[in-house]
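Since the structure is predicted, the reported quantities are computational estimates derived from the model, not experimental observations.
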Amino acid sequence: MKPLTPWLTIIGIGEDGLGGLPPPAHAALAQAQRVFGGARHLAMLGDTPAQTTPWPSPIEAAFDEILRHRAVATVILATGDPFHFGIGSLIAARLAPGEYQVFPAPSAFALAAARMGWGQQHCQTLSLHGRPLAAIVPYLQPGARILALSWDGHTPEKLAALLCARGLGDARLTVCENMGGTREKISAFRASEPPGSAFDPLNTIALEIPDAPAPFIPRNPGLPDEFFEHDGQITKRDVRAITLGALAPLAGQTLWDIGAGSGSVAIEWLLCDPTCRAFAIEAQAARSARIARNAKHLGVPQLQIITAKAPDALSGLPTPDAIFIGGGGTAPGLIETAMQALRPNGRLVINAVTLETQARLTQLMGAHGGQCLLIQISHADPVGRFHGWRAAMPVMQWRWQKPAPKASTAPVIAIGIGCRGDCTAQAIVDLVRAAMHSLAPALAATPAALYTIASKAGQPALREAAASMGMDLHFLDTEALAAAMPGVKTRSSRVQKLFGVAAIAEAAALAGAGPGAQLCLERLAANGVTCAIATLQAGDKP
């Protein structure tokens, strides 16, 4: 495969400005026809023949404009290391390897660690810029060292107040301002004694947590019930630990917590890994407000709360990897909707206390398999001068894992997709279903997979649509699409200019199906999405 020539250069700039850039970065700037960056960075350029464009808000709004001019030498100016809480990964996800080159500057974390004499590998690093301050709470552990990017000059003061509220007034904050330049300044203070004045907006906080008693959040599942505000509707600590074990959270996965009550299960799911997502579905507004307070207090303000009744409330949510039903298990259609919504190999866990719901779980195990457990917890309570066991109500738990689709040797179809950057997953799903509906019934019933160009790998709508339809999603490079172009019927000079091939949907369908494939649907378009379908016997594929 012929290597691509980089047309985009991403340059990280430190506080020392353009003078700190390596010669290749200066050469890229000298040759650039277009330069994108923040107003501060663009001002450093002075007089330049390049067209300069400041970042819009949101910054992603400029990406389509950048990608429309692939033949133009373009430079993006960023702060520090563009691939550490920076713009680098956002734009790179929309490009093929080889389309861009990067010249990073030392990150603020690297500079702050150097000032403190800390090994970065032993520090927690996070950004508080554009994020709730409460997101730092799970990182507050005995003896922890944390490097945090500030949102603005008041972030250190606000963080000090949060630390004091959590009994960590002895925590030490070192604020590093404008590191690497002539205005660099380092200030240190205890959380209980903030300086009372704002810092420069460009600051990084080095935080040292004392190894002393405080209400830290344990890492293990099954937090004490008193950690949560609740009205009695809470999955109790011991049962919750068993439930989290059955849900088996993995990094980046999504949970639906249906009948969330206090939100305890969803909150602990999020505490397992910062990349996890969770949706708490609760019908009562007062409980939803309580869930929000619990989530903020325990450092997972990203928990998304939906105040509505299931199963209606589930429509349009991202495909879950796991579902917990702790209440409302007898609602008509709820369990069936949950089972259908799950991703293949996803986990469904239902807890039942009432005989009626337990009978339903017994039926489900008989019909679909899975495993039933009876959880019986007893605690020692005083009995006069002695102690005896006091039993809690037994909880029946049904665990079910959704089977993965079986491999098939039947004819397969490849669905090629082209789409705008702002299209929705639902628009993709609707068009694919319409396209499949237009096929002959026998062909429409065969296994299918989605194919598109590699430069669209960063569009979450594509992955979400594929997951919701239970289809695999494949990304093809430009050369694979170009090889399939002889079979394409509809071509666009605009698409050729943007992506290097004259059609995406048709070429992707033919390339995905393989040599000898035939288009059975040439082109269907709606709402910013284009779809084409090609077919080939599975056994004929190379």
Gln358 to Pro394 - nearest heavy-atom pair and separation: NE2-O, 3.9 Å

Distance in Å, Thr235 OG1 paired with His230 NE2, rounded so as to fall on 0.5 Å steps: 11.0 Å

Exceeds 12 heavy-atom contacts within 6.0 angstrom, atom CZ of Arg293: yes

Polar contact flag, side-chain donor to acceptor under 3.5 angstrom, Arg347-Gln253: yes

Residue pair Ile146 / Trp118: nearest heavy atoms and the distance that separates them: O-CZ3, 4.1 Å

Note, Ile66 side chain near Ile76 side chain (heavy atom, < 4.5 Å): yes

Value rounded to 0.5 Å, distance of CG in Leu149 from CG in Asn203: 9.0 Å

Side chains of Ile217 and Arg166 in contact at under 4.5 Å (non-hydrogen atoms): yes

Side-chain heavy-atom pair Leu270, Leu298 within 4.5 angstrom cut-off: no

Shortest non-hydrogen contact from Pro156 toward Leu173: O-CD2, 3.8 Å

Verdict with reasoning, Met396 to Cys372, per side-chain contact (heavy atoms from CB on, under 4.5 Å): CA-CA 7 Å; Met396 182 177 179; Cys372 274; 3.4 Å; yes

Check: Lys402 side chain, Gln340 main-chain N or O, donor-acceptor pair, under 3.5 Å: yes

Arg240 side chain to Gly222 backbone, donor-acceptor under 3.5 Å: no

Ion pair check, Arg343 and Asp321, cut-off under 4.0 Å: yes

Within-4.5 Å side-chain heavy-atom neighbours: Tyr451 and Ile417: no

Side chains of Arg219 and Gln141 in contact at under 4.5 Å (non-hydrogen atoms): yes

Distance in Å, Ile325 CD1 paired with Leu334 CG, rounded so as to fall on 0.5 Å steps: 4.0 Å

Contacts of type ring-ring contact (aromatic ring centres under 6.0 Å, His included), residue Phe109, not counting sequence neighbours: His84, Phe85

Backbone N/O of Gly261 and side chain of Arg287: donor-acceptor pair under 3.5 Å: no

Closest non-hydrogen atom pair, Pro132 against Pro301: CB-CG, 3.6 Å

Asn351 and Gln397 side chains, donor-acceptor separation under 3.5 Å: yes

Straight-line distance of Ile59 CD1 to Ser57 OG, nearest 0.5 Å: 9.0 Å

Stepwise salt bridge (Lys or Arg N to Asp or Glu O under 4.0 Å) check, Lys185 with Asp200: CA-CA 9 Å; Lys185 181 181 178 183; Asp200 188 276; over 6 Å; no

Donor-acceptor pair, side chain of Glu282 and main chain of Ile305, under 3.5 angstrom: no

Min side-chain heavy-atom separation Ile91-Ile10 under 4.5 Å: yes

Between His379 and Asp238: side-chain donor-acceptor atoms closer than 3.5 Å: yes

Side chain proximity check, Leu207 to Arg145, heavy atoms < 4.5 angstrom: no

Working for side-chain contact (heavy atoms from CB on, under 4.5 Å), residues Ser262 and Glu229: CA-CA 7 Å; Ser262 67; Glu229 179 188 345; over 6 Å; no

Trp256 side chain to Ala341 backbone, donor-acceptor under 3.5 Å: no

Main-chain N/O of Gly169 paired with Ser192 side-chain donor or acceptor, under 3.5 Å: yes

Ser150 backbone acceptor or donor facing Thr155 side chain under 3.5 Å: no

Donor-acceptor under 3.5 Å (Thr357 side chain, Val353 main chain): no

Set of side chain to side chain donor-acceptor pair (under 3.5 Å) partners for Asp430, sequence neighbours left out: Gln426

Nearest non-hydrogen partners of Leu431 and Cys531, listed with the distance: CD2-CB, 3.6 Å

Distance, nearest 0.5 Å, that separates CD1 of Ile415 from CD1 of Ile428: 11.5 Å

Aromatic ring pairing His368/Trp400, orientation class (parallel under 30°, perpendicular over 60°, tilted between): perpendicular

Considering all heavy atoms, the nearest Trp269-Ala248 contact: CZ3-C, 4.5 Å

Qualifying residues under side chain to side chain donor-acceptor pair (under 3.5 Å), relative to Glu336, sequence neighbours excluded: Arg360

side-chain contact (heavy atoms from CB on, under 4.5 Å) evaluation trace for Leu250 with Asp273: CA-CA 8 Å; Leu250 295 173; Asp273 192 273; over 6 Å; no

Sidechain-backbone polar pair: Ser315 side chain, Asp312 backbone, donor-acceptor under 3.5 Å: no

CA sep, side-chain torsions, deciding dist, call: Leu90, Glu60, side-chain contact (heavy atoms from CB on, under 4.5 Å): CA-CA 8 Å; Leu90 298 178; Glu60 290 87 347; 3.9 Å; yes

Note, Ile87 side chain near Phe63 side chain (heavy atom, < 4.5 Å): yes

Lys456 (side chain) donor-acceptor with Cys419 (main chain) under 3.5 angstrom: yes

From Asn527 atom CG to Cys423 atom SG, the distance as rounded to the nearest 0.5 Å: 9.5 Å

